[in-house]
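Quick caveat, the model's predicted, so the values are computed rather than measured. In listed order, ligands and their atoms are each counted from 1.
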Amino acid sequence: MKADLFQAPDYYQIDDLLTEEHKLIRDAARDWVKKEVSPIIEQHAQEATFPKHLLVGLASIGAFGPTIPEAYGGVGLDYISYGLLMQEIERGDSGLRSTASVQSSLVMHPINTYGSEEQKQKYLPKLATGELMGCFGLTEPDHGSNPSGMNSKIVDKGDHYLLNGAKMWISNAPFADIAVVWAKDENGRIKGMIVERSMEGFSTPETHNKWSLRTSATGELIFNDVKVPKENILPGKDGLGAPLGCLDSARYGIAWGAIGAAMDCYDTALRYAKERIQFGKPIAATQLQQKKLAEMITEITKAQLLALRLGQLKNEGRATTAQISMAKRNNVSMALNIAREARQVLGAMGITGDYSIMRHMMNLESVVTYEGTHDIHLLITGMDITGHSAFK
Ligand code: TGC
Ligand code: FAD
């Protein structure tokens, strides 16, 4: 891949609305991505390998549990800092941001929010350093958009539960030390639990043949009479609202992360358009390429403002699920459209791994599907504004 010459677009001087702390955290992450991620990530994507050696660096920039209290090993930052971290990491690669999102929002968040004091002390500090890595098992082969229909089951056996079932499309599964898993009890009530890799009957086969998120390890979670001790059940909340509450946090981070991918595509296309000469002048001097680039920066700027306002609401504890859905849907779709347009600006060069655009584009095809598809988020907005659910 070419040298990383990234310059972040900030057309509306949004930096002025950030605190010094926000900028320090953002800039440290940006430097780390430039130094450690950009030089190696394309090769990992080509070879479909997870760059495990980057886990230490991710922990060092605060990407594991940025909003988790320092008492449990987290960084104790606000939600705008969390968003900025996700933006910078996804500027490098959505797969790497996935690893950080899952660890922070889908593993540390439920343990911190629904876990017992013992669970918090046992797991959170090690998850914050990356000594332990986690995954989140909600989706099943027959239940993706509709997790309430899940078939995974636990049966009460006195001092433990017996867990049976299967989860599919689980990020981090192939290497995770623990899994936060959602299954129904005998009364059909969804419960969350921490399953450890060492538990007998638990396996995590890797999913291959992905054209998207090739730097992220995806797998299944298979539970065959797994004995889950009762102390591993998350006691703080049950019902579908418990996993959906975690998704709110992860979707929020994705709304920011997608901006990073879009910024990288825009910046690459702008630089290329200024340098590429056709018909005796830079293609940047043609109206058609200017239209593409002008629309890109307009959409990025709107997405930045949406994310920042959402971050303010989140900091005040006022961000609603529907507001988060709107931002996730809009910003991921925006990024995917920009990746497709930016790829065209580069002509044939755009399809190569010499540039990051095609990788971002393929990654974003997963991002637009996971954490609630583009359609599901539209229906969440529709339900919010009309009061009618159109899911069923
Ligand atoms: P519904 O009847 O609407 O709600 C059931 C209960 O949950 C409550 N609730 C929420 N609670 C907290 N936070 C939220 N966001 C909530 N949304 C709903 C709701 O109030 C109700 O509570 P109660 O007490 O009345 O029971 O549920 P539904 O079955 O109609 O489904 C609604 C729908 C379709 C929106 C939901 O199922 C959904 O969001 N589906 C999409 C599934 C999804 O997003 N899966 C993601 C899996 S994880 C993942 O993709 C990780 S990728 C990570 C990476 O690599 O980065
Ligand atoms: P389906 O639910 O089968 O949907 C298929 C199509 O039908 C979609 O276009 C959808 O929008 C549409 N559709 C569904 N219902 C409706 C409706 N009511 N009205 C209109 N249209 C509808 N899950 C986890 O639990 N943990 C993870 O870590 C995780 N990581 C992932 C990593 C990757 C790379 C991918 C691709 C997925 C991951 N997922 C994970 C799963 C992800 O959350 C699901 O793929 C997603 O929720 C959609 O489910 P599905 O693929 O089964 O699609």
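In terms of protein heavy-atom proximity, atom 33 (C) of ligand 1 is nearest to F391 CZ, 4.3 Å. Nearest non-hydrogen protein atom to atom 33 (C) of ligand 2 is Y370 CD2, 3.7 Å. Taking atom 47 (C) of ligand 1 as the reference point, the nearest protein heavy-atom neighbour is T139 OG1, 3.6 Å. Protein heavy atom at the shortest distance from atom 16 (C) of ligand 2 is I376 CD1, 4.2 Å. Protein heavy atom in closest approach to atom 24 (C) of ligand 2: T139 OG1, 3.3 Å. Atom 39 (O) of ligand 1 has R251 NH2, 3.0 Å as its closest protein atom, hydrogens excluded (heavy atom only). At the shortest separation from atom 50 (O) of ligand 1 among protein heavy atoms lies E371 N, 2.9 Å. From the protein, the heavy atom lying nearest to atom 42 (C) of ligand 1 is G144 O, 3.7 Å. Here the protein heavy atom with the shortest distance to atom 26 (N) of ligand 2 is F136 O, 2.9 Å. For atom 32 (C) of ligand 2, the nearest non-hydrogen atom of the protein is S171 OG, 3.3 Å. Protein heavy atom at the shortest distance from atom 52 (O) of ligand 2 is G144 CA, 3.3 Å. With hydrogens left out, the protein atom closest to atom 16 (C) of ligand 1 is L244 CB, 3.5 Å, a heavy atom. In this structure, the protein non-hydrogen atom closest to atom 45 (O) of ligand 2 is T369 CG2, 3.8 Å. Ranking protein heavy atoms by distance to atom 6 (C) of ligand 1, first place goes to G241 N, 4.0 Å.
Per-atom contact check: atom 2 (O) of ligand 2 touches the protein, criterion being a heavy-atom distance below 4.0 Å. Counting only heavy atoms, the protein never gets under 4.0 Å from atom 7 (O) of ligand 2. Put simply, atom 11 (N) of ligand 1 has protein non-hydrogen atoms near it, under 4.0 Å away. By the definition of a contact as any protein heavy atom under 4.0 Å away, atom 22 (C) of ligand 2 is not in contact. Proximity of atom 30 (O) of ligand 1 to the protein is indicated by at least one non-hydrogen atom lying closer than 4.0 angstrom. Remark: atom 39 (N) of ligand 2 lies closer than 4.0 Å to at least one protein heavy atom. Proximity of atom 48 (C) of ligand 2 to the protein is indicated by at least one non-hydrogen atom lying closer than 4.0 angstrom. Atom 1 (P) of ligand 1 is not flagged as protein-proximal [any protein heavy atom, distance under 4.0 Å]. By the definition of a contact as any protein heavy atom under 4.0 Å away, atom 25 (O) of ligand 1 is not in contact.
Checking only distances, W169 does come within under 3.5 Å of ligand 2, N or O to N or O. The N/O atoms of N146, backbone and side chain alike, include none that comes under 3.5 Å of an N/O atom in ligand 1.
Put simply, no part of M383 is less than 4.0 Å from ligand 1, judged by heavy atoms. Residue contacts with ligand 2 include L379, since one or more of its heavy atoms lies under 4.0 Å from the ligand. Residue contacts with ligand 1: L379 is excluded, as none of its non-hydrogen atoms falls under 4.0 Å. By the 4.0 Å heavy-atom criterion, S366 is counted among the residues contacting ligand 2. Close to ligand 1: P147, with a non-hydrogen atom less than 4.0 angstrom away.
Contact annotation: for T373 versus ligand 1, there are no heavy atoms closer than 4.0 Å. Under 4.0 Å from ligand 1, the heavy atoms of I380 that appear belong solely to its side chain.
Considering S145, S216, C246, S389 only, the shortest heavy-atom separation from atom 4 (O) of ligand 2 involves S145. When the heavy atoms of S94, S145, A100 are ranked by distance to atom 40 (N) of ligand 1, first place goes to S145.
Set against the non-hydrogen atoms of R97, the atoms of ligand 1 under 4.0 Å away are 56 (O).
Checking P243, S105, S101 one by one against F136, the side chain to side chain contact (heavy atoms under 4.5 Å, CB included) holds for a single residue, P243.
The neighbour count for E186 CD, taken as heavy atoms of other residues, nucleotides or ligands under 6.0 Å away, is above 12.
Salt bridge D156/K230: present, at least one basic N to carboxylate O contact under 4.0 Å.
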